[in-house]
There are 2 protein chains.
Amino acid sequence: MYNYPIKRAPYKAQKISVSNRGMQFEELINESNEQYLNRNIAVIYKKPTPVQIVTVDYPQRSKAKITEAYYKIPSTTDYNGIYRGYYIDFDAKQCNSTTSFPMSNIYQHQIDHLERIDQHGGIGFILVEFNRLNEIYLLEIKDLLEFNKRDKSGGRKSISIEEFREKSILIKESFPIRVPYLDAVDILIDKKKNENNK
Amino acid sequence: MYNYPIKRAPYKAQKISVSNRGMQFEELINESNEQYLNRNIAVIYKKPTPVQIVTVDYPQRSKAKITEAYYKIPSTTDYNGIYRGYYIDFDAKQCNSTTSFPMSNIYQHQIDHLERIDQHGGIGFILVEFNRLNEIYLLEIKDLLEFNKRDKSGGRKSISIEEFREKSILIKESFPIRVPYLDAVDILIDKKKNENNK
């Protein structure tokens, strides 16, 4: 588990505030997307953080300065783009627990959004990093919907690490593409093609 | 030209600052996207405006207040999403001229981005509203690239209204979907399918 060929600061040594939680994982994904873009493999970007702008000053004629603004809840997911002609849409979540991923980490409207993407022929999923285990999983929307149903019908409010190991696709950190999640997307695309051929 | 079944304030009567230019057209498109979403026709969103956040205060424990931030140039285009299984990507531009659309209204990196989308099998274009003519056009990336080449090689630095009328697809404002641009995208998809069948 500790033999990855890349150097990375151990998470334990750092204090991560609620607002920064997931930041480091996001950076790994952003870097991977840059690599995918530069190699002409895929065009996938993180959407800008939505901000509600209240007041704007113009101290210089050329430059607007925002002096009052607030973070907004995103309407959709953080990442989307195109790969092998497919519309790709996902969210990235960092999980500090070693045993389970709480369903409260993902908004219902994000699940609804990913479900819509799936219905329209796109590929929707979440990437979850269990940072203390150094394990990253891709969980496709179809399975996420099952876990969401279980949660909403009074069942377990989280997805256990065992369930991730069983249901989702493990992504091995690598180099130079740090989080090569499109290898896992290839598996989803193959599955989709097989289903369409049935 | 003035017989559209919808009421809309005449543009001439309003002062439009540079930063607000295009705002009204954007709102029409956002509204149309909402309609497309509610009718389960397509899932297309405007990306949030990218903002460089410099200072954040925490006056209350619960709410972060951004007190210094600046607008950033978007890395990509404003809109993307999925329609009929296709990845859709475009920018919306409002044009105050009645005779031509200046190439300086669109960034080179946005053109490069749309070109990449096309290469990866997506559908890339710009929507241009000539607001004083009450005409809206969809110009696909392949044609935009030709005009860009002309500009970069020392030719005309704008696209004339005649060229729009000849090369691009006219979108008629309508109701309840105000800018029914997906009708024009249908034409692009048909063309793409015919090209693939050749």
Side-chain angles (χ1 to χ4, degrees), chain A residues 17-19 30 33-34 36-37 40-59 61-72 74-78 80-89 112-124 192 196, chain B residues 17-19 30 33-34 36-37 40-59 61-72 74-78 80-89 112-124 192 196:
Chain A
S17 78
V18 174
S19 61
N30 294 346
N33 285 339
E34 257 183 72
Y36 283 133
L37 186 69
N40 204 24
I41 293 170
V43 185
I44 296 168
Y45 283 92
K46 184 181 184 298
K47 294 185 192 169
T49 306
V51 159
Q52 179 69 51
I53 294 163
V54 179
T55 319
V56 183
D57 271 5
Y58 295 87
R61 232 180 123 182
S62 56
K63 200 156 193 185
K65 181 182 173 183
I66 299 160
T67 55
E68 188 182 352
Y70 300 92
Y71 292 105
K72 281 200 296 188
S75 336
T76 61
T77 46
D78 271 352
N80 72 358
I82 186 168
Y83 172 56
R84 290 176 57 187
Y86 286 90
Y87 174 83
I88 306 294
D89 197 303
D112 296 340
H113 171 73
L114 288 172
E115 185 177 13
R116 253 178 243 125
I117 296 310
D118 183 58
Q119 288 166 349
H120 283 267
I123 292 174
K192 203 185 245 301
N196 290 344
Chain B
S17 77
V18 174
S19 61
N30 295 346
N33 285 339
E34 257 183 70
Y36 282 134
L37 186 69
N40 205 25
I41 292 169
V43 185
I44 297 167
Y45 283 93
K46 184 178 184 300
K47 293 184 192 171
T49 307
V51 159
Q52 179 69 51
I53 294 162
V54 179
T55 320
V56 182
D57 272 3
Y58 295 88
R61 234 181 122 183
S62 57
K63 201 157 193 184
K65 182 183 176 185
I66 299 160
T67 54
E68 188 183 353
Y70 300 92
Y71 292 104
K72 281 200 296 187
S75 336
T76 61
T77 46
D78 271 353
N80 72 358
I82 186 168
Y83 172 57
R84 289 175 58 186
Y86 287 90
Y87 174 84
I88 306 294
D89 198 303
D112 296 340
H113 171 74
L114 288 172
E115 186 178 13
R116 252 178 244 125
I117 295 310
D118 183 58
Q119 288 165 349
H120 283 267
I123 292 174
K192 202 184 248 297
N196 290 343

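The basis for the numbers below is simple: all heavy atoms, side chains too, and nothing from hydrogens, waters or symmetry mates. Naming convention: chains lettered A, B, ... in sequence-line order (proteins, then strands); numbering from 1 in each chain.
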Inset, instruction - Against chain A, work out which of B/Gly81, B/Ser75, B/Gly122, B/Pro74 has the most heavy-atom pairs shorter than 4.5 Å and name it. - result: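 Of the candidates given, the most pairs with chain A belong to B/Gly81.
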Inset, instruction - Mind ranking B/Val56, B/Thr67, B/Asp89, B/Ile82 by heavy-atom pairs under 4.5 Å with chain A and telling me who comes out on top? - result: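 Ranked by heavy-atom pairs under 4.5 Å with chain A, first place is B/Ile82.
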Would you list the atom pairs, donor with acceptor, under 3.5 Å between side chains in residues 40-55 of chain A and any protein atom, with sequence neighbours excluded?
residue : atom : partner  : partner atom : Å
A/Asn40 : OD1  : B/His120 : NE2          : 3.0
A/Lys47 : NZ   : A/Thr76  : OG1          : 2.6
A/Thr55 : OG1  : A/Glu68  : OE1          : 3.4

Legend entry - Flag side-chain contact, heavy atom, 4.5 Å: A/Ile66 against B/Tyr71: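 Yes. Closest side-chain heavy atoms under 4.5 Å.
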Inset, instruction - Determine whether B/Tyr87 and B/Ile123 make a side-chain contact, defined as any pair of heavy atoms from C-beta on separated by less than 4.5 Å. - result: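 Sidechains of B/Ile123 and B/Tyr87: no contact.
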Inset, instruction - State which residues pass salt bridge (charged side-chain N to carboxylate O under 4.0 Å, His left out) with B/Asp78; sequence neighbours excluded, sorted by chain then number. - result: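 With neighbours one apart ignored, the set is empty.
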Inset, instruction - Heavy-atom pairs under 4.5 Å with chain B are the metric here; pick the option from A/Gly121, A/Gly85, A/Ala69 that has the most. - result: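 Looking at each of A/Gly121, A/Gly85, A/Ala69 in turn, A/Ala69 comes out on top.
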Legend entry - Pick from A/Tyr70, A/Tyr86, A/Tyr83 with the largest number of heavy-atom pairs that fall under 4.5 Å of chain B: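 Of the candidates given, the most pairs with chain B belong to A/Tyr70.
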